[in-house]
Amino acid sequence: MDAFIIQGPAKLAGKVRISGSKNAALPLLFTSLLFDEPVTYENVPRLWDIETTLSLMKSMGTESEWDKEGGKIVVHPKVTSRVAPYEWVKKMRAGILALGPLVAKFGEAQVSLPGGCAIGARPVNFHLDALQKLGAQVEVAEGYVRAKVPTRLLGTRIRFPEVTVTGTENLLIVALSAEGETILENAAREPEVVALGNLLISLGAKIEGLGTSTIHIQGGRLKAPRQAITIPPDRIETGTWIAIALATRQQLELEQCQAGEMKAVLDVFRAIGAGFEISSAGDRIVVLPRDKYNAVDVETQPYPGFATDMQAQVMALLCLASGKSRIRETIFENRFMHVAELRRLGAQIEIDGNNAIVTGPIDLQAAPMMATDLRASASLVVAALAAKGATRISRIYHLDRGYQRLDEKLRRLGAEITRVAE
Ligand code: EPZ
């Protein structure tokens, strides 16, 4: 396992190119299972979760070539097994995204139940209940979901009890194989759902309401992709870099981003005191730090609300803000694993249920920390770059799952960060 050694406070300057979005790339890659011809992807981020996705699909018979430096993948979907094995799904919960394409294409699937993870139990009952409403036979046995379509799925109205991003993505795909119209209510509005839906529309699908809570899908055949599928920029990586620039009080320029998808996150940073210069196309953001930051109240919500995937990184920044900030996590039941680690740097954070009260400003002091999950590890990097002294962050594989070579990008900006084997 690797660790980072980060010397703070970091002096940074320059431009950061934002990589392709992990949470857009995963559903788009699994969609290749619907087709028989090769599918090409561009601007694919170099992440462990992409590696895991290709390995999972390989275990089902597909082949793929990945030009990691060029960010290009060609998937040859030759599915010979309709089983998504525990061996891979246990490494990446998003393996549940194999369920939709397998049911849609073959009328059957066996997908390992994703385990829970550090941030919560992460059940998939909403996915399974929705499949049953469309007429699939679904059973859970020996840690696997077994889904089978007896004759034909029939479109119907499905209301998700809670907003589920991958649940919406799975059902968008399955509904295409159903007869008639399916209506998804309380559907996820995330840009990654819209990117998937727009791909399907470009291949002939009749889908209305993408980006709203109610999506109408007409069953019908899809054309195979003739053009490369470009992965859109990662809005969470963008937000993470804004937190880094503000916490280190260094002006940074972010390129190839999508400011238009980040209103709630940018509004929180502005309330804290950030200034931004944003290009008219929204693809370039200059982050303007301040000497003094304001304490704020933040509540995570499904998109277009403030993203839960940004909660940990903003908490690290709020340790430097003057006053008491309240952070309310409404999506996951255990997404405060970073709090104990931040306290080791001197942060003053009290937890009350799903609220965290952060008191600042604190001069963070370096101390060893341990990463526990993907976005928590990003939060520790934000804090370490602002802290005085050399901080060691262990179990950095959590970070490599979702950030393309963050240490290399930081070094290019002048950060003193080394990766050590432990
Ligand atoms: C997606 O996870 C993202 N992952 C997560 O990003 C993100 O945090 C999450 O959406 C919320 O925005 C990908 O897109 C690959 P949910 P997902 O289904 O789809 C409960 C990251 O850091 N729920 O929207 O798994 C669930 O427990 C990752 O990049 C059920 O109870 O999340 C959670 O409390 C972490 N039953 C809430 O709903 C279900 O069947 C939202 O979960 C499904 C979900």
Side-chain angles (χ1 to χ4, degrees), residues 21-24 27 93-94 117-127 159-169 171-172 184-197 209-215 232-240 242-243 257-272 274 276 282 294-318 321 324-339 349 351-358 373-376 378-379 402:
S21 161
K22 168 180 86 78
N23 290 349
R93 303 190 60 269
C117 68
I119 63 177
R122 311 287 297 271
V124 290
N125 54 321
F126 302 156
H127 302 234
R159 179 169 188 76
F160 288 113
E162 278 178 54
V163 172
T164 164
V165 175
T166 49
T168 303
E169 290 164 345
L171 269 294
L172 264 185
L184 300 183
E185 294 182 339
N186 201 23
R189 302 172 57 185
E190 271 71 1
E192 296 77 35
V193 174
V194 175
L196 173 64
L210 287 173
T212 76
S213 302
T214 304
I215 304 176
D234 193 317
R235 60 191 170 93
I236 305 301
E237 183 195 5
T238 306
T240 303
I242 293 173
C257 46
Q258 286 259 23
E261 290 174 352
M262 301 181 62
K263 185 180 178 320
V265 168
L266 294 177
D267 286 350
V268 165
F269 280 127
R270 285 190 181 98
I272 293 172
F276 295 110
N294 313 314
V296 297
D297 287 351
V298 184
E299 180 170 295
T300 63
Q301 286 295 333
Y303 194 90
F306 179 79
T308 175
D309 292 351
M310 278 301 305
Q311 180 256 108
Q313 299 91 310
V314 165
M315 185 185 290
L317 174 61
L318 287 172
K324 281 188 183 305
S325 298
R326 185 177 68 99
I327 300 176
R328 188 177 176 78
E329 172 56 58
T330 69
I331 308 291
F332 291 108
E333 65 269 28
N334 187 35
R335 204 169 199 176
F336 284 150
M337 304 282 281
H338 41 286
V339 169
I349 308 172
I351 294 181
D352 169 17
N354 65 342
N355 290 297
I357 312 296
V358 183
D373 59 270
L374 170 55
R375 304 306 173 181
S379 163

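Keep in mind it's a predicted model, so treat the numbers as computed, not measured.
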Apply side-chain contact (heavy atoms from CB on, under 4.5 Å) to the pair Gln258 and Thr238, showing each step before the final yes or no.
CA-CA 8 Å; Gln258 286 259 23; Thr238 306; over 6 Å; no
Closest approach of [X] and [Y], non-hydrogen atoms and distance?
X: Gln313; Y: Ala378; answer: CG-CB, 4.0 Å
X: Phe160; Y: Asn186; answer: O-ND2, 2.8 Å
X: Ala295; Y: Ala321; answer: N-CB, 3.8 Å
X: Ser325; Y: Leu318; answer: OG-CD2, 3.5 Å
X: Pro304; Y: Ala264; answer: O-CB, 3.3 Å
X: Pro161; Y: Phe126; answer: CG-CE2, 3.5 Å

[Y] and [X], any side-chain heavy atoms less than 4.5 Å apart:
X: Ile349; Y: Phe336; value: no
X: Leu374; Y: Lys22; value: yes
X: Phe269; Y: Val314; value: yes

How long is the gap from [atom1] on [X] to [atom2] on [Y], to the nearest 0.5 Å?
X: Leu171; Y: Ile215; atom1: CG; atom2: CD1; answer: 10.0 Å
X: Asp297; Y: Lys324; atom1: CG; atom2: NZ; answer: 12.0 Å
X: Leu172; Y: Thr166; atom1: CG; atom2: OG1; answer: 11.5 Å
X: Leu196; Y: Glu190; atom1: CG; atom2: CD; answer: 12.5 Å
X: Met310; Y: Thr300; atom1: CE; atom2: OG1; answer: 12.0 Å
X: Tyr303; Y: Lys263; atom1: OH; atom2: NZ; answer: 10.0 Å

Backbone of [Y] reached by a side-chain donor or acceptor of [X] within 3.5 Å:
X: Thr168; Y: Ala188; answer: yes
X: Asp352; Y: Asn355; answer: no
X: Glu329; Y: Ile331; answer: yes
X: Arg122; Y: Arg93; answer: no

Pairs touching residues 305-315 that satisfy salt bridge (Lys or Arg N to Asp or Glu O under 4.0 Å), sequence neighbours left out:
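The answer is Asp309-Arg335.
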Determine the sole option in Asn354, Ile327, Thr330, Val268 for which the side-chain contact (heavy atoms from CB on, under 4.5 Å) test with Glu299 is passed.
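With Glu299 as partner, Asn354, Ile327, Thr330, Val268 yield a single side-chain contact (heavy atoms from CB on, under 4.5 Å), made by Thr330.
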If the condition is salt bridge (Lys or Arg N to Asp or Glu O under 4.0 Å), which residues does Glu192 pass it with, not counting sequence neighbours?
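Partners of Glu192 by the salt bridge (Lys or Arg N to Asp or Glu O under 4.0 Å) criterion, ordered by chain and then number, come out as Arg235.
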Under the rule for salt bridge (Lys or Arg N to Asp or Glu O under 4.0 Å), what residues qualify as partners of Glu185, not counting sequence neighbours?
Arg157, Arg159
Take Leu317 and Ile272, measure what side-chain contact (heavy atoms from CB on, under 4.5 Å) needs, and give me the verdict at the end.
CA-CA 9 Å; Leu317 174 61; Ile272 293 172; 4.0 Å; yes
